[in-house]
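Structure record follows, encoded as structure tokens.
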Amino acid sequence: GTFAILAHGTPSVTRAAFTLSKFRLNIAAIHKYRPHPQGDYMVFTLDPACTNAVLKSAKGVWHTQALGENYTRVWLLCELQVSRLLPQFITDYAAKRAMPRATT
């Protein structure tokens with residue numbers, strides 16, 4: 001893979017490929033980082049060039065808010081659409097486990 005060297009405060013667009021280990025689901029996402037004086041934010045979407053049968057769409061935003069020298073609050077707002085063939089209990093389990101991890 002290729003690594004990007006990014007600077008805080010500089011707008012950027014990156015692509016990341018990763019595997020959700022519990023489900024062995026390969027995902028690629030596009031991240032658009034935008035700095036802002038009241039808190040930086042990063043918009044993400046699924047890379048349309050890398051689709052899979054389970055995750056139909058995903059989009060959202062991470063927003064950071066500085067709370068002092070050593071603390072940052074991270075906000076996450078996202079929307080996911082999964083295949084209708086996926087049982088609801090699996091969707092619920094994945095959401096319960098994955099969402100808190102997305103902000104740590």
Side-chain angles (χ1 to χ4, degrees):
T2 304
F3 294 93
I5 298 173
L6 305 173
H8 180 263
T10 303
S12 62
V13 177
T14 57
R15 180 183 184 276
F18 53 94
T19 301
L20 295 178
S21 59
K22 185 80 170 183
F23 303 102
R24 296 187 181 155
L25 185 62
N26 293 321
I27 296 176
I30 305 292
H31 301 96
K32 297 177 183 177
Y33 168 70
R34 298 294 178 257
H36 189 277
Q38 295 180 344
D40 299 342
Y41 63 97
M42 185 167 48
V43 175
F44 66 89
T45 58
L46 283 182
D47 184 344
C50 184
T51 60
N52 62 61
V54 175
L55 190 56
K56 297 299 182 187
S57 71
K59 60 184 176 181
V61 62
W62 279 285
H63 172 73
T64 61
Q65 177 186 20
L67 299 176
E69 187 175 322
N70 296 316
Y71 298 97
T72 300
R73 177 179 289 147
V74 178
W75 302 86
L76 172 63
L77 175 65
C78 70
E79 176 181 277
L80 304 172
Q81 182 181 8
V82 297
S83 169
R84 292 181 184 178
L85 299 176
L86 198 64
Q88 187 64 44
F89 76 92
I90 293 177
T91 303
D92 293 343
Y93 172 81
K96 182 179 177 182
R97 300 284 294 174
M99 297 311 288
R101 293 179 183 179
T103 57
T104 58

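Quick caveat: nothing in here was measured; it's all calculated off a predicted structure.
Under the salt bridge (Lys or Arg N to Asp or Glu O under 4.0 Å) criterion, K59 pairs with E79, sequence neighbours left out. Residues satisfying the side chain to side chain donor-acceptor pair (under 3.5 Å) test with Y33, not counting sequence neighbours, are D40. Applying the side chain to side chain contact (heavy atoms under 4.5 Å, CB included) criterion to I27, with sequence neighbours excluded, gives F18, L20, L25, L46, N52, L55. Taking F44 as the reference, W62 meet the ring pair (Phe, Tyr, Trp, His ring centres under 6.0 Å) condition, with sequence neighbours excluded. With sequence neighbours left out, the side chain to side chain contact (heavy atoms under 4.5 Å, CB included) criterion links P37 to no other residue. With sequence neighbours left out, R73 forms a side chain to side chain donor-acceptor pair (under 3.5 Å) with Q65.
T72 contributes atom OG1, which lies 10.5 Å from atom NE2 of H63 (distance to the nearest 0.5 angstrom).
No path of Ile, Leu, Val, Met, Phe, Trp and Tyr side chains, each step under 4.5 Å between heavy atoms, connects L77 with M42, placing them in separate hydrophobic clusters. Follow the hydrophobic side-chain contacts under 4.5 Å out from F89 and you reach L86 in the same cluster. The cluster map of Ile, Leu, Val, Met, Phe, Trp and Tyr, joined by side-chain heavy atoms under 4.5 Å apart, puts I90 and V82 in the same cluster.
Of all heavy-atom pairs between A16 and H31, the closest is CB-CE1, 3.6 Å. Taking every heavy atom of both residues into account, S83 and A53 meet most closely at CB-O, 3.3 Å. Contact record, R34 with P11: NH1-CB, 3.7 Å, taken as the closest heavy-atom pair.
Counting heavy atoms from C-beta outward, R15 and C50 have side chains that approach closer than 4.5 Å.
Atom NZ of K56 is surrounded by more than 12 heavy atoms from other residues, nucleotides or ligands within 6.0 Å. Surrounding CD of Q88 are more than 12 heavy atoms belonging to other residues, nucleotides or ligands, all under 6.0 Å away.
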